[in-house]
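Owing to the predicted nature of the structure, the values given are computational and were not obtained by experimental measurement.
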Amino acid sequence: MKQFRMLMVAAALSAGVTGCSVFDWMVYKIDIPQGNFIEQNQVEKLRIGMNREQVEFVLGRPVLRDSFASDTWYYVYQFKNGRTNELTRKELVVRFTDDAVVSIEGDYELSAEFYTPLQSGRP
C-alpha cells in the first residue's frame with residue numbers, strides 16, 4: 001500500500017511539473033520569419049510612376065496580389081521570436097494605375113524623392 005501511495009505521488013508530481021512552464025526557458029524554440037523582409041533602404045528606392053517590373057526588381061515578388069484588385073500589391077512580413085514569443089509585423093501596400101505606382105502606404109517611411117519620377121533616359 002505504501003508503494004502504491006508513493007507511486008501515485010510521483011505520478012501526480014511528474015504530471016504537475018510537465019504542465020508548468022517552470023522549465024520553459026530550457027526548451028529551444030526557433031524564430032519564425034514569414035513573408036517578404038523589406039529594409040528601409042529598399043523602400044527609399046521606390047518612386048512614383050515606376051512600373052510593376054521595376055517595383056518587383058527593388059522589392060521582390062509580393063506576398064499577395066489581390067484577385068479582385070490586381071492593381072494592389074501587398075508585402076507582408078511577420079517575425080515571431082522563439083524565446084520571447086514577441087511578434088513583429090510590417091506591411092507595405094503598393095497601388096498601381098495603368099501599370100505605374102500611384103501610392104505606397106504601410107509601416108515604412110517614404111523618401112523625400114518618392115514624388116520625383118525617375119528619368120526615362122529617352123530624349
Side-chain angles (χ1 to χ4, degrees):
M1 186 66 156
K2 190 173 183 180
Q3 285 181 336
F4 178 72
R5 185 179 300 162
M6 290 299 283
L7 183 62
M8 291 304 289
V9 168
L13 283 175
S14 65
V17 169
T18 58
C20 295
S21 61
V22 173
F23 300 107
D24 198 33
W25 61 272
M26 292 175 51
V27 177
Y28 176 74
K29 296 180 184 174
I30 63 169
D31 296 334
I32 305 172
Q34 293 179 313
N36 295 76
F37 179 73
I38 297 175
E39 293 183 357
Q40 181 63 39
N41 63 0
Q42 290 174 283
V43 177
E44 290 171 358
K45 293 177 184 176
L46 298 175
R47 300 287 183 270
I48 198 163
M50 288 177 94
N51 63 32
R52 294 171 199 263
E53 187 176 305
Q54 291 169 322
V55 173
E56 192 171 317
F57 179 77
V58 172
L59 299 178
R61 292 185 182 255
V63 171
L64 177 67
R65 294 180 190 191
D66 194 342
S67 300
F68 299 105
S70 61
D71 290 339
T72 305
W73 286 4
Y74 297 91
Y75 291 87
V76 181
Y77 177 72
Q78 186 169 301
F79 180 81
K80 183 176 180 184
N81 188 313
R83 181 151 310 273
T84 64
N85 282 338
E86 179 183 345
L87 188 64
T88 303
R89 181 180 165 92
K90 290 200 162 215
E91 185 175 306
L92 186 72
V93 180
V94 182
R95 298 191 197 294
F96 298 92
T97 299
D98 297 329
D99 197 38
V101 173
V102 291
S103 71
I104 295 178
E105 52 193 56
D107 299 320
Y108 297 89
E109 295 288 324
L110 295 176
S111 71
E113 294 86 25
F114 174 73
Y115 293 102
T116 305
L118 293 175
Q119 299 298 325
S120 65
R122 296 181 184 154

Heavy-atom distance under 4.5 Å between the side chains of [X] and [Y], does that happen here?
| X | Y | result |
| --- | --- | --- |
| Pro117 | Arg47 | no |
| Ile38 | Val43 | yes |
| Phe79 | Pro33 | yes |
| Tyr77 | Arg89 | no |
| Thr88 | Gln78 | no |
| Val93 | Ile104 | no |

When hydrophobic residues are tied together by side-chain contacts of less than 4.5 Å, even through go-betweens, does [X] share a cluster with [Y]?
| X | Y | value |
| --- | --- | --- |
| Val63 | Tyr75 | no |
| Val94 | Leu118 | yes |
| Tyr28 | Ile32 | yes |
| Leu92 | Tyr115 | yes |

To the closest 0.5 Å, what do you measure between [atom1] ([X]) and [atom2] ([Y])?
| X | Y | atom1 | atom2 | answer |
| --- | --- | --- | --- | --- |
| Glu105 | Thr72 | CD | OG1 | 9.0 Å |
| Glu44 | Glu39 | CD | CD | 10.5 Å |
| Asp71 | Arg65 | CG | CZ | 11.5 Å |
| Lys29 | Thr84 | NZ | OG1 | 10.0 Å |

- Item | Least distance between heavy atoms, Leu46 atom then Ser111 atom |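 The pair with the smallest heavy-atom distance is O-OG, 4.5 Å.
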- Query: On the ring face of Phe96, is Arg52 found with NZ or CZ under 6.0 Å from the centre and within 45° of the axis?
  - Reply: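 Satisfied, under 6.0 Å and within 45°.
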- Task: Starting from the C-alpha separation in whole Å, work towards a yes-or-no answer on salt bridge (Lys or Arg N to Asp or Glu O under 4.0 Å) for Arg61 and Glu56.
- Result: CA-CA 6 Å; Arg61 292 185 182 255; Glu56 192 171 317; 3.7 Å; yes
Without swapping roles, check the side chain of [X] against the backbone of [Y] for a donor-acceptor pair under 3.5 Å.
| X | Y | result |
| --- | --- | --- |
| Tyr108 | Lys90 | no |
| Asn81 | Arg83 | yes |
| Asp107 | Glu91 | yes |
| Asn51 | Ala100 | no |
| Gln42 | Val58 | yes |

- Query: Take atom CG in Asp98; do more than 12 heavy atoms of anything else shown fall under 6.0 Å from it?
  - Reply: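 For Asp98, atom CG is not crowded (no more than 12 foreign heavy atoms under 6.0 Å).
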- Task: Count the heavy atoms belonging to other residues, nucleotides or ligands that lie under 6.0 Å from CD of Glu109, then report whether that count exceeds 12.
- Result: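 No.
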- Message: Quick one, Val101 with Arg95, criterion side-chain contact (heavy atoms from CB on, under 4.5 Å). Give me CA distance, side-chain angles, the key distance, then yes/no.
- Response: CA-CA 6 Å; Val101 173; Arg95 298 191 197 294; over 6 Å; no
